[in-house]
Amino acid sequence: MARLETAPKIRVLIVEKHSAVRRALRKRLSATADLDVIAAVQAPQAAMPYLTVDAVDGCAGAPDVVLLGLQSGSDEELFATLEVVHQMVHCPAAIIVLVPYADEVERLLLQQAGVTSYLLKYIDSSRLIQEIEAVAGTRRPAIPVS
């Protein structure tokens, strides 16, 4: 009897300041057979090793999707986040930003920086999983760091 080949899992990296939210996201997403949460980190800087472009392997082993939790705050925090997003887009992972409340200016700036989706943190699990599956197919080619 021939065994059916399964599609590779979608690799997800969670970046979220609050440990309870990180744990909840990891638990929700790990329960889905098609997703593989490769890491859940507190700070965007801790995510960078997972997104580094290697001269030999490119972005092998990198996530397909990054969930980036934001705490909407000051303009300085927004500009710092934009810098992080500019660094993250060097690897072809799709970036989904999760925010506590919608801000149209913030959304536009983040999309211009390379974010794929901008969603409220209070999204239900099935909708979040659908969004992850949808954007996983939108991976961009890696941008070499010079």
Side-chain angles (χ1 to χ4, degrees), residues 6-145:
T6 59
K9 290 185 173 191
I10 298 169
R11 296 169 51 85
V12 179
L13 173 64
I14 299 168
V15 183
E16 170 57 50
K17 178 180 178 179
H18 299 289
S19 60
V21 176
R22 277 196 314 275
R23 280 193 307 273
L25 281 170
R26 178 177 276 239
K27 184 175 180 179
R28 287 165 50 186
L29 299 179
S30 294
T32 303
D34 296 335
L35 303 181
D36 178 21
V37 178
I38 61 171
V41 298
Q42 180 177 0
Q45 295 76 12
M48 299 318 290
Y50 296 95
L51 299 167
T52 302
V53 178
D54 183 284
V56 176
D57 295 328
C59 288
D64 300 303
V65 177
V66 175
L67 291 181
L68 178 59
L70 297 185
Q71 317 323 303
S72 296
S74 68
D75 288 345
E76 292 80 23
E77 290 173 315
L78 175 58
F79 294 132
T81 300
L82 290 169
E83 273 303 309
V84 167
V85 170
H86 283 294
Q87 293 172 18
M88 286 182 171
V89 299
H90 287 287
C91 214
I95 302 170
I96 297 175
V97 171
L98 300 173
V99 296
Y101 60 87
D103 178 315
E104 190 62 21
V105 173
E106 177 183 74
R107 183 186 68 77
L108 289 172
L109 289 171
L110 287 165
Q111 286 179 327
Q112 289 173 354
V115 165
T116 310
S117 292
Y118 181 89
L119 304 171
L120 292 176
K121 282 188 176 184
Y122 308 107
I123 189 170
D124 66 83
S125 295
S126 61
R127 170 88 166 83
L128 179 59
I129 291 165
Q130 287 174 351
E131 187 69 21
I132 290 169
E133 291 172 341
V135 302
T138 64
R139 290 181 62 153
R140 303 172 310 275
I143 302 169
V145 178

Step by step, would you call T32 with I132 a side-chain contact (heavy atoms from CB on, under 4.5 Å)? CA-CA 11 Å; T32 303; I132 290 169; over 6 Å; no

I need the minimum non-hydrogen distance between [X] and [Y], along with the two atoms involved.
| X | Y | result |
| --- | --- | --- |
| E16 | K121 | OE1-NZ, 3.1 Å |
| R28 | S125 | NE-OG, 2.7 Å |
| Y50 | V41 | CE1-CG1, 4.2 Å |
| A93 | P63 | CB-O, 3.3 Å |
| A47 | V15 | CB-CG2, 3.6 Å |
| L98 | L120 | CD2-O, 4.2 Å |

By salt bridge (charged side-chain N to carboxylate O under 4.0 Å, His left out), which residues pair with R23, not counting sequence neighbours?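 With neighbours one apart ignored, the set is empty.
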
Pairwise distance [atom1]([X]) to [atom2]([Y]) - rounded to 0.5 angstrom:
| X | Y | atom1 | atom2 | result |
| --- | --- | --- | --- | --- |
| L78 | L70 | CG | CG | 8.5 Å |
| I38 | I10 | CD1 | CD1 | 12.5 Å |
| D64 | E133 | CG | CD | 11.5 Å |
| K17 | R22 | NZ | CZ | 11.0 Å |

Which is it for L119 and R127 under the side-chain contact (heavy atoms from CB on, under 4.5 Å) test, yes or no, and what are the steps along the way? CA-CA 10 Å; L119 304 171; R127 170 88 166 83; 4.2 Å; yes

Derivation of the side-chain contact (heavy atoms from CB on, under 4.5 Å) call for L29 and I14: CA-CA 10 Å; L29 299 179; I14 299 168; 4.2 Å; yes

Once side chain to side chain donor-acceptor pair (under 3.5 Å) is applied, do any residues pair with S30, and if so which ones, sequence neighbours excluded?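 For S30, no residue satisfies side chain to side chain donor-acceptor pair (under 3.5 Å) once neighbours in sequence are set aside.
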
Residues two or more places apart in sequence or in another chain: which of them pass side chain to side chain donor-acceptor pair (under 3.5 Å) with R107?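 Side chain to side chain donor-acceptor pair (under 3.5 Å) list for R107, sorted by chain: E104, Q111.
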
Residue pair L25 / L128, side-chain heavy-atom distance below 4.5 Å: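 The answer is yes, as the side chains (C-beta and beyond) meet within the 4.5 Å cut-off.
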
Contact between V115 and L68 at the side-chain level, heavy atoms closer than 4.5 Å - yes or no?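 SC-SC contact between V115 and L68 ruled out.
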
V66: which of I96, T116, L51 passes side-chain contact (heavy atoms from CB on, under 4.5 Å):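 Testing each of I96, T116, L51 against V66, the sole residue satisfying side-chain contact (heavy atoms from CB on, under 4.5 Å) is L51.
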
Are the side chain of R11 and the backbone N or O of L35 linked by a donor-acceptor pair below 3.5 Å?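 Absent.
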
Passes side-chain contact (heavy atoms from CB on, under 4.5 Å), L108 versus Y118? Steps please. CA-CA 9 Å; L108 289 172; Y118 181 89; over 6 Å; no

